[in-house]
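One structure is given here, and the rest of the page talks about it.
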Amino acid sequence: MRIAICPGSFDPITNGHLDIIKRTAEIYDKVIVGVLNNSAKNPVFTAEERGKMIGMVIKDIPNAEVKLFSGLMVNFARNNGATVIVKGLRTVADFEYEFQMALLNKALDPDLETMFMMTDTKYSYISSSMIKEVAKYNGELEGLVPAPIIDIIRKRFREIKS
């Protein structure tokens, strides 16, 4: 069985992330969406909340599942039997950062491959940071994030403002 990991912070998941997950699921037998619990970041949503939102939007992808992790990606991949990490790219800046990470992961585990997948051009401008900025000012989220999580995002930003 060919298992791929689609890792990220997903704070929150965007339509660009979902595009990469769906396309990865068409190529690999199993896709694990790895939600990074990074103590160095200050996310708007907890890892558990992010995992739940992702679960809501991938429920119709039968070979995809969500798992939370912390620590090294190579250990997470190894512990889940994955042989490839799939990373979505939007820009050259994304490539430069992800290329360094891929080289580091390869040095830590020579059997683990990294595959880069270009995001569909209609999502190339979307990032979780931009979503948070739009939500902060009560902007329109339709078309930027999966519909089932829009109200969750809006509710969180109303709570933050209170």
Side-chain angles (χ1 to χ4, degrees), residues 1-39 41 43-91 94-95 97-99 101-102 104-106 108-109 111-132 135 141-156:
M1 178 181 286
R2 298 175 315 149
I3 302 172
I5 304 271
C6 286
S9 296
F10 305 106
D11 187 40
I13 188 170
T14 70
N15 283 340
H17 292 132
L18 186 57
D19 172 58
I20 296 296
I21 294 164
K22 286 179 178 178
R23 290 166 50 210
T24 300
E26 292 174 3
I27 299 168
Y28 293 94
D29 300 316
K30 181 178 179 181
V31 177
I32 300 170
V33 182
V35 180
L36 178 61
N37 189 8
N38 186 344
S39 59
K41 290 190 174 188
V44 171
F45 297 96
T46 67
E48 291 77 15
E49 290 170 329
R50 289 178 274 143
K52 185 176 179 183
M53 285 190 285
I54 294 167
M56 291 170 63
V57 301
I58 68 165
K59 67 180 180 357
D60 295 329
I61 306 172
N63 60 330
E65 66 180 274
V66 181
K67 290 188 178 185
L68 309 183
F69 78 100
S70 58
L72 294 176
M73 166 58 56
V74 294
N75 294 338
F76 179 68
R78 193 178 301 120
N79 292 340
N80 285 281
T83 56
V84 66
I85 299 169
V86 177
K87 297 295 294 196
L89 298 177
R90 296 169 300 151
T91 65
D94 286 348
F95 175 76
Y97 173 77
E98 295 299 348
F99 183 66
M101 291 303 302
L104 175 60
N105 288 335
K106 192 70 169 169
L108 295 173
D109 185 344
D111 296 327
L112 185 62
E113 296 293 342
T114 299
M115 304 291 284
F116 297 121
M117 187 178 289
M118 297 306 301
T119 302
D120 189 304
T121 55
K122 65 185 171 189
Y123 304 124
S124 63
Y125 65 95
I126 301 173
S127 70
S128 293
S129 297
M130 289 179 180
I131 297 303
K132 289 183 273 197
L141 295 173
E142 280 79 7
L144 303 176
V145 299
I149 67 168
I150 290 174
D151 288 340
I152 296 168
I153 296 169
R154 286 186 179 141
K155 181 178 183 231
R156 176 55 48 88

Could you check whether any side-chain N or O of [X] sits under 3.5 Å from a backbone N or O of [Y], counting only pairs where one atom can act as donor and the other as acceptor?
X      : Y      : result
Arg90  : Tyr123 : no
Thr14  : Val145 : no
Thr119 : Leu89  : yes
Asn105 : Val74  : no
Asn37  : Ala47  : no

Grab the two heavy atoms, one from [X] and one from [Y], that are nearest each other, plus how far apart they are.
X      : Y      : result
Asn80  : Ile3   : O-CD1, 3.6 Å
Ser128 : Pro12  : OG-O, 2.7 Å
Gly51  : Leu68  : CA-CD2, 4.2 Å
Pro7   : Val86  : CD-O, 3.6 Å
Gly143 : Ile126 : O-CD1, 4.1 Å

Measuring only between side-chain heavy atoms, which start at C-beta, is [X] closer than 4.5 Å to [Y]?
X      : Y      : result
Ile13  : Ile21  : yes
Pro148 : Met53  : no
Leu104 : Leu108 : yes
Arg156 : Glu49  : yes
Leu112 : Arg78  : no

Does [X] [atom1] have over 12 foreign heavy atoms under 6.0 Å away?
X      : atom1 : answer
Lys132 : NZ    : yes
Phe116 : CZ    : yes
Met115 : CE    : no

- Give every residue pair that meets the ring-ring contact (aromatic ring centres under 6.0 Å, His included) criterion with at least one member in residues 48-68, sequence neighbours excluded.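 Residue pairs with at least one partner in residues 48-68: there are none.
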- Item | Sequence neighbours excluded - ring-ring contact (aromatic ring centres under 6.0 Å, His included) pairs with any residue from residues 44-73 |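 Every ring-ring contact (aromatic ring centres under 6.0 Å, His included) pair that includes a residue of residues 44-73, provided the two are not neighbours, is Phe69-Phe76.
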- Query: When rounded to the nearest 0.5 angstrom, what is the spacing between CE in Met56 and CD1 in Ile149?
  - Reply: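 These two atoms lie 7.5 Å from each other.
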Using atom types as modelled, flag every donor-acceptor pair under 3.5 Å from a side chain in residues 24-36 to any protein atom, sequence neighbours excluded.
{"residue": "Thr24", "atom": "OG1", "partner": "Ile20", "partner atom": "O", "Å": "2.8"}
{"residue": "Asp29", "atom": "OD2", "partner": "Arg2", "partner atom": "N", "Å": "2.7"}
{"residue": "Lys30", "atom": "NZ", "partner": "Glu65", "partner atom": "OE2", "Å": "3.1"}

- Item | Residues in side chain to side chain contact (heavy atoms under 4.5 Å, CB included) contact with Ser124, at least two apart in sequence or another chain |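 Ser124 satisfies side chain to side chain contact (heavy atoms under 4.5 Å, CB included) with no other residue.
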- Item | Derivation and outcome, side-chain contact (heavy atoms from CB on, under 4.5 Å), residues Cys6 and His17 | CA-CA 9 Å; Cys6 286; His17 292 132; over 6 Å; no
- Message: Between the side chains of Lys155 and Asp151, is the shortest nitrogen-to-carboxylate-oxygen separation below 4.0 Å, so that they form an ion pair?
- Response: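 Answer for the salt bridge query: no.
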- Let me see the working for Leu144 and Tyr125 under side-chain contact (heavy atoms from CB on, under 4.5 Å), right down to the final yes or no. CA-CA 10 Å; Leu144 303 176; Tyr125 65 95; 3.6 Å; yes
- With Glu113, which residues qualify under side chain to side chain donor-acceptor pair (under 3.5 Å), at least two apart?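 Glu113: side chain to side chain donor-acceptor pair (under 3.5 Å) contacts with Lys106.
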- Item | Those residues that, when tested against Lys122, pass salt bridge (charged side-chain N to carboxylate O under 4.0 Å, His left out) (two or more places apart) |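 Once residues adjacent in sequence are excluded, Lys122 has no partner under the salt bridge (charged side-chain N to carboxylate O under 4.0 Å, His left out) criterion.
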